[in-house]
There are 2 protein chains.
Amino acid sequence: MSQQTERVNNEPLLTELESFFSALADRTRLEIVLLLLRKEGASVQDMVKELGKSQSLISHHLSCLRNCGIVKMEKRGKFSVYTLNGETVKDIMRTAIDHVGAHSKSILACDVIREEGS
Amino acid sequence: MSQQTERVNNEPLLTELESFFSALADRTRLEIVLLLLRKEGASVQDMVKELGKSQSLISHHLSCLRNCGIVKMEKRGKFSVYTLNGETVKDIMRTAIDHVGAHSKSILACDVIREEGS
DNA sequence: GGATTATATGAACATATATTCATATGAGAA
DNA sequence: TTCTCATATGAATATATGTTCATATAATCC
């Protein structure tokens with residue numbers, strides 16, 4: 001019970017953070033986010049051309065990023081123009097880029113991505 | 001070719017960011033990180049008791065967090081004491097908590113975590 | 001020494017998820 | 001209207017990954 005009181009109720013926060021970081025934990029979605037970090041505003045076709053992936057794939061991932069509050073979308077004629085959703089996302093990306101720069105060796109060996117050599 | 005030159009070579013950065021965010025994209029690992037955000041330094045047994053999960057599970061996840069440069073470990077007798085690895089991790093966590101707080105509705109509907117209602 | 005405690009890790013399995021394919025919607029052009 | 005172009009999305013599949021179980025290592029205590 002004392003253990004229980006000391007334990008913080010993080011249920012909704014945990015779900016939100018898991019969702020948020022999951023959205024950033026994919027190579028294709030990261031490519032999209034980095035692209036939007038360079039150029040403010042891009043259509044689906046822009047991303048298809050720049051990233052060399054299928055329109056279906058890009059749209060699926062944009063749907064994920066949009067639902068997770070990482071990008072926002074604005075209809076312009078028949079185009080959908082996507083931008084990063086606010087400064088916090090940019091802050092996190094910049095800080096994360098700094099962090100991995102300072103720890104690249106250990107991170108590249110991380111077994112979430114690939115098993116260490118046999 | 002002009003397309004090629006405009007395209008930034010992000011290969012290692014992408015792999016590192018994917019690895020980093022993947023490490024944070026799991027509920028159990030987030031529980032560990034949030035715990036270490038509250039109390040500086042915790043042994044595996046501390047986490048087992050506080051989080052109510054098996055020792056094996058905690059150790060597996062700590063291995064991941066350690067490899068990805070999110071936590072660091074210090075042997076103290078037969079205990080392994082874990083702490084967050086630097087201020088950048090704390091910054092990212094705090095900014096992410098702010099962000100999801102400002103977007104909780106859309107994030108809770110994110111289909112990375114669960115399908116939207118039929 | 002043996003026993004106990006603390007931690008790490010390999011293997012197996014069940015589930016989650018990224019990608020592809022097919023197709024639907026919707027806007028603008030002819 | 002009909003024909004493209006731009007985008008979104010459901011279904012299917014292959015792969016990735018979280019969890020459990022069993023066990024190994026290593027330190028401390030008796």
Side-chain angles (χ1 to χ4, degrees), chain A residues 14-15 17-33 41-68 71-83 109-118, chain B residues 14-15 17-33 41-68 71-83 109-118:
Chain A
L14 280 169
T15 303
L17 287 175
E18 184 183 2
S19 177
F20 176 76
F21 286 123
S22 294
L24 295 173
D26 173 83
R27 167 170 292 247
T28 303
R29 290 194 293 269
L30 279 171
E31 290 187 79
I32 292 173
V33 171
S43 70
V44 179
Q45 281 307 314
D46 291 340
M47 302 181 198
V48 167
K49 285 167 195 153
E50 284 230 30
L51 305 180
K53 317 228 173 184
S54 77
Q55 177 269 319
S56 174
L57 183 62
I58 299 288
S59 277
H60 273 299
H61 284 302
L62 283 171
S63 167
C64 172
L65 289 169
R66 187 158 22 98
N67 284 329
C68 293
V71 305
K72 57 180 190 291
M73 187 264 275
E74 181 197 356
K75 267 286 181 192
R76 205 174 295 173
K78 58 180 176 178
F79 297 91
S80 298
V81 178
Y82 286 83
T83 50
C110 180
D111 59 2
V112 167
I113 297 306
R114 53 183 175 196
E115 298 302 310
E116 306 192 34
S118 64
Chain B
L14 280 169
T15 303
L17 287 175
E18 183 182 3
S19 177
F20 176 76
F21 286 124
S22 293
L24 294 174
D26 173 83
R27 167 168 294 247
T28 303
R29 291 194 291 271
L30 279 172
E31 290 188 78
I32 292 173
V33 171
S43 70
V44 178
Q45 282 306 313
D46 292 339
M47 302 182 199
V48 167
K49 286 167 194 154
E50 284 228 31
L51 304 181
K53 318 228 172 185
S54 77
Q55 177 270 317
S56 174
L57 182 62
I58 298 288
S59 277
H60 273 299
H61 284 302
L62 283 171
S63 167
C64 171
L65 290 169
R66 188 159 21 97
N67 283 330
C68 292
V71 304
K72 58 179 190 289
M73 188 262 275
E74 181 195 356
K75 267 285 182 193
R76 204 174 293 173
K78 61 178 173 179
F79 297 92
S80 297
V81 179
Y82 286 84
T83 51
C110 179
D111 60 1
V112 167
I113 297 307
R114 52 182 176 197
E115 297 302 311
E116 307 191 36
S118 65

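Every chain is numbered from 1, with letters handed out A, B, ... down the list of sequences. Everything quoted here is computed from the prediction, not taken from an experiment.
- In terms of position on DNA chain C, the residue among B/Tyr82 and A/Arg27 whose nearest nucleotide sits closer to the 5' end is B/Tyr82.
- If you check distances only, the side chain of A/Ser63 never reaches the base of D/dT9 with a donor-acceptor pair under 3.5 Å.
- What separates NZ of B/Lys78 from C1' of D/dC30 is a distance of 12 Å, to the nearest Å.
- Protein atom CG of A/Leu24 is 16 Å distant from nucleotide atom C1' of C/dT17, rounded to whole Å.
- Distance, B/Ile32 CD1 to C/dA8 P: 11 Å, rounded to whole Å.
- The shortest distance between side-chain heavy atoms of A/Val44 and A/Gln55 falls below 4.5 Å.
- What separates CG of A/Leu62 from P of C/dT19 is a distance of 13 Å, to the nearest Å.
- Among the heavy atoms of the strands, none lies under 4.0 Å from A/Met47.
- The ring of A/His60 lies on top of the base of D/dT9, close enough and flat enough: under 5.5 Å between centres, under 30° between planes.
- In this structure, A/Ser80 reaches the sugar-phosphate backbone alone: every heavy-atom distance under 4.0 Å involves primed, P, OP1 or OP2 atoms, never a base.
- Comparing C/dA18, D/dT19, D/dA8 by their nearest atom to the side chain of A/Arg29 picks out C/dA18.
- Following rounding to the nearest Å, A/Gln45 (CD) and D/dT7 (C1') show an atom-to-atom distance of 8 Å.
- An OP1 or OP2 oxygen of D/dA6 is reached within less than 4.0 angstrom by no side-chain nitrogen or oxygen of A/Arg76.
- Interface remark: the B/Ser54 side chain does not form any donor-acceptor pair with the D/dC21 base, using a distance-only criterion of under 3.5 Å.
- Of the possible polar contacts, none joining the A/Ser63 side chain to the A/Ser59 backbone as a donor-acceptor pair under 3.5 Å is found.
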### Task
Any chance you could lay out the side-chain contact (heavy atoms from CB on, under 4.5 Å) test for B/Leu14 and A/Glu31, step after step, and finish with the verdict?
CA-CA 7 Å; B/Leu14 280 169; A/Glu31 290 187 79; 3.6 Å; yes
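- Atom CG of A/Leu57 and atom C1' of C/dT17 are 12 Å apart (whole Å).
- When heavy atoms are screened at a 4.0 angstrom cut-off, B/His61 is found touching the sugar-phosphate backbone but no base atom.
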### Task
Please lay out, stage by stage, how B/Leu62 and B/Met73 fare under the test side-chain contact (heavy atoms from CB on, under 4.5 Å).
CA-CA 9 Å; B/Leu62 283 171; B/Met73 188 262 275; over 6 Å; no
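- With hydrogens and angles left out, the side chain of A/Gln55 and the base of D/dA8 share a donor-acceptor pair within 3.5 Å.
- The base of D/dT9 does not come close enough to the side chain of A/Ser59 for any donor and acceptor atom to sit less than 3.5 Å apart.
- Taking 4.5 Å as the limit, some side-chain heavy atom of A/Arg27 sits within range of a side-chain heavy atom of B/Thr15.
- For A/Phe79, whose side chain is taken as the heavy atoms from C-beta onward, the closest listed nucleotide among C/dA8, D/dT19, D/dA6 is D/dA6.
- Atom C1' of nucleotide C/dA27 and atom NZ of A/Lys75 are separated by 8 Å, given to the nearest angstrom.
- Contact between the side-chain N/O atoms of B/Ser56 and the OP1/OP2 oxygens of D/dT19 is not found at any separation under 4.0 Å.
- Rounding to whole angstrom units, CG of residue B/Leu30 and P of D/dG18 are separated by 11 Å.
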### Message
Set out, in order, the CA-CA distance, both residues' side-chain angles and the distance that settles side-chain contact (heavy atoms from CB on, under 4.5 Å) for B/Leu30 and A/Phe21, then state yes or no.
### Response
CA-CA 10 Å; B/Leu30 279 172; A/Phe21 286 123; 4.0 Å; yes
